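What follows is one structure encoded as structure tokens, with my remarks underneath.
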Amino acid sequence: MKVFTVTQNTSFLTAASILQKVISFVYFTIIARVIGVENTGVYFFAITFTTIFTVVADFGMGPVLTREVARYPDRSEQYLHTAFWSKVMFGVVSYGLVIFFVNILDYPYLTKLLVSISGVTMFFDNLHAAFYSVFRARKNLIYESIGIVSSQAITLVIGSLALFNHWSLYWLILAYTIPAFLNFIFSAICLKKIYGLIYRWSFNFDIFKMFFGFAFPFALAGIIGRLYAYSDSLLMSKMLSAQELGWWSVPYKISFAFQFVPVALSASIYPVMSALYLTQKKKIGYLFIKSWRYLFTVVFPISFGLIALATPVIIKLYKPQFAPAIPVLRILLISLIFGYLSFVTGATLNASNKQKT
């Protein structure tokens, strides 16, 4: 079967991530300009609220599946079956938590509806991630790249139709849900066709116990990380107005859009490092240093260049009504530097059985 190099896989996923972020950026910009600050705040919160629970749905199974399949390719099928059905179980629990908390926190009906639809998106995103974890372990990121770009393009089409035909706000969330389901089907078919895996109900409790033990630090770190990253929006939704949340959403989306470089690089080096850990541990350090140098070279021009252009970017793209977002954007762009480096650091620790660290 075809195996790609780190450079090739990074190129595939970087190109796909760039296209995804560009399409997503254009889509969000159109939304913000058409529906105004307050509705943008409500839309942004619905997606953000669900994102907090994504780590519960995955519960660290994705990174563990990638690492273990990279080390033991002959066990791909039995590992995938157990991890997949574990993700189904955790996904149902996660969706239940989403519905429970959005109701107990007493949000308006529209917000509850948007969050409940976004929760379905989370469920299918979690499932197709299991299939792509095996692709990553096999050092083959071309299909994930195709899935990323295609999903975002479908989102743009559905969302644009909804905006220009003045459909209800929940269609902007369905614009993510429909592609998530299609991506789930696409990834399952591709994995079966390329590697000949047979899908069936097969749950090995011994593998689950092993994976759960490995996954718990991943899950704990993920839950803490998501709370750190998204609790601000949750607090603002209760303490501030929808307009102020709308101001916050714009700089957040801009800074988030530029994370495609470390995401793609980490996805490429993680399975390579996982395999090297069994045979050539010293090469992990070399790959880590090389990755850091690459990220340093990329992140400083992006961060400080956008800080200098923050005012025209906000005013021209999002209209003067979003002007209060300018200083927030500048602060978030400084944090982008540290965020870039943390991706590779985390991937190196996880690949080296240091997930507890």
Side-chain angles (χ1 to χ4, degrees), residues 11-51 54 57 95 98 110-111 113-129 131-132 135 141-191 193 246 249-250 252-260 263-264 267 313 316-319 322:
S11 299
F12 293 150
L13 208 55
T14 299
S17 297
I18 289 173
L19 283 172
Q20 179 204 30
K21 298 298 184 185
V22 168
I23 296 171
S24 176
F25 186 74
V26 170
Y27 179 54
F28 181 77
T29 301
I30 294 171
I31 287 174
R33 290 176 66 91
V34 172
I35 68 176
V37 179
E38 290 190 19
N39 281 332
T40 299
V42 174
Y43 161 81
F44 175 76
F45 172 74
I47 295 175
T48 301
F49 186 87
T50 309
T51 304
T54 303
Y95 187 79
V98 167
L110 179 60
T111 302
L113 177 62
L114 298 182
V115 168
S116 64
I117 298 172
S118 185
V120 178
T121 307
M122 170 196 68
F123 182 79
F124 285 113
D125 279 341
N126 176 48
L127 295 187
H128 71 59
F131 298 124
Y132 287 134
F135 274 118
L141 300 187
I142 186 69
Y143 295 98
E144 183 175 358
S145 302
I146 293 170
I148 287 172
V149 176
S150 300
S151 294
Q152 199 63 59
I154 295 171
T155 295
L156 177 62
V157 171
I158 296 174
S160 297
L161 284 173
L163 286 170
F164 295 118
N165 287 290
H166 306 289
W167 295 347
S168 177
L169 200 59
Y170 65 78
W171 273 99
L172 299 181
I173 306 296
L174 282 172
Y176 288 104
T177 307
I178 296 170
F181 174 74
L182 295 176
N183 202 5
F184 165 67
I185 300 299
F186 169 77
S187 59
I189 292 173
C190 287
L191 189 62
K193 183 177 180 180
S249 68
V250 166
Y252 184 89
K253 288 292 287 186
I254 292 174
S255 61
F256 181 78
F258 284 91
Q259 291 182 5
F260 62 85
V263 167
V313 165
K316 296 293 184 182
L317 288 179
Y318 297 97
K319 299 181 179 180
F322 284 94

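Note that these values count all heavy atoms, side chains included, but never hydrogens, waters or copies made by symmetry. Just so we're clear, the structure is a prediction, and the values are computed from it rather than from any experiment.
Across Ile117 and Tyr170, no two heavy atoms sit closer than the pair CD1-CB, 3.7 Å. When all heavy atoms are compared, the tightest approach of Ala180 to Asp125 is CB-OD1, 3.4 Å. Smallest separation of non-hydrogen atoms from Tyr27 and Ser160: CE1-N, 4.2 Å. For the pair Leu172 and Gly159, the tightest heavy-atom approach, listed with the atom from each and the gap, is CD2-O, 3.8 Å. Across Phe131 and Ser187, no two heavy atoms sit closer than the pair CD1-OG, 3.3 Å. The two residues Ala162 and Trp171 have their closest heavy-atom pair at CB-CB, 3.6 Å.
In this structure, the side chains of Arg33 and Phe28 stay at 4.5 Å or more apart for every pair of heavy atoms. Side-chain atoms of Leu127 and Phe123, non-hydrogen and from C-beta on, do get closer than 4.5 Å to each other. Contact annotation: the side chain of Tyr176 never approaches that of Ser151 to less than 4.5 Å [non-hydrogen atoms, C-beta and beyond]. In this structure, the side chains of Leu169 and Leu110 come closer than 4.5 Å at one or more pairs of heavy atoms. Here the side chains of Thr54 and Asn126 are not in contact, with every heavy-atom distance at 4.5 Å or above.
Atom CD1 of Ile254 is separated from atom OG1 of Thr29 by 7.0 Å, given to the nearest 0.5 angstrom. Expressed to the nearest 0.5 Å, how far OH of Tyr318 lies from CD1 of Ile30 amounts to 10.5 Å.
Here the side chain of Asn183 pairs no donor or acceptor atom with the backbone of Pro179 at under 3.5 angstrom. Judged by distance alone, with hydrogens and angles left aside, the side-chain atoms of Thr155 form a donor-acceptor pair with the main-chain N or O of Ala175 at under 3.5 Å. Within the 3.5 Å criterion, the main-chain N or O of Gly147 finds no donor-acceptor partner in the side chain of Ser150. Remark: side-chain polar atoms of Ser118 are not paired, donor with acceptor, to backbone N or O of Val115 under 3.5 angstrom. Remark: the backbone N or O of Ile173 is not paired with any side-chain donor or acceptor of Tyr43 at under 3.5 angstrom.
The aromatic rings of Tyr132 and His128 stand perpendicular to each other, their planes meeting at an angle above 60°, with 30° marking the opposite boundary. Taking the six-membered ring where tryptophan is involved, the planes of Phe124 and Phe184 are tilted, since the angle between them lies from 30° to 60°. The aromatic rings of Phe186 and Tyr143 lie tilted to each other, with the angle between the two planes from 30° to 60°.
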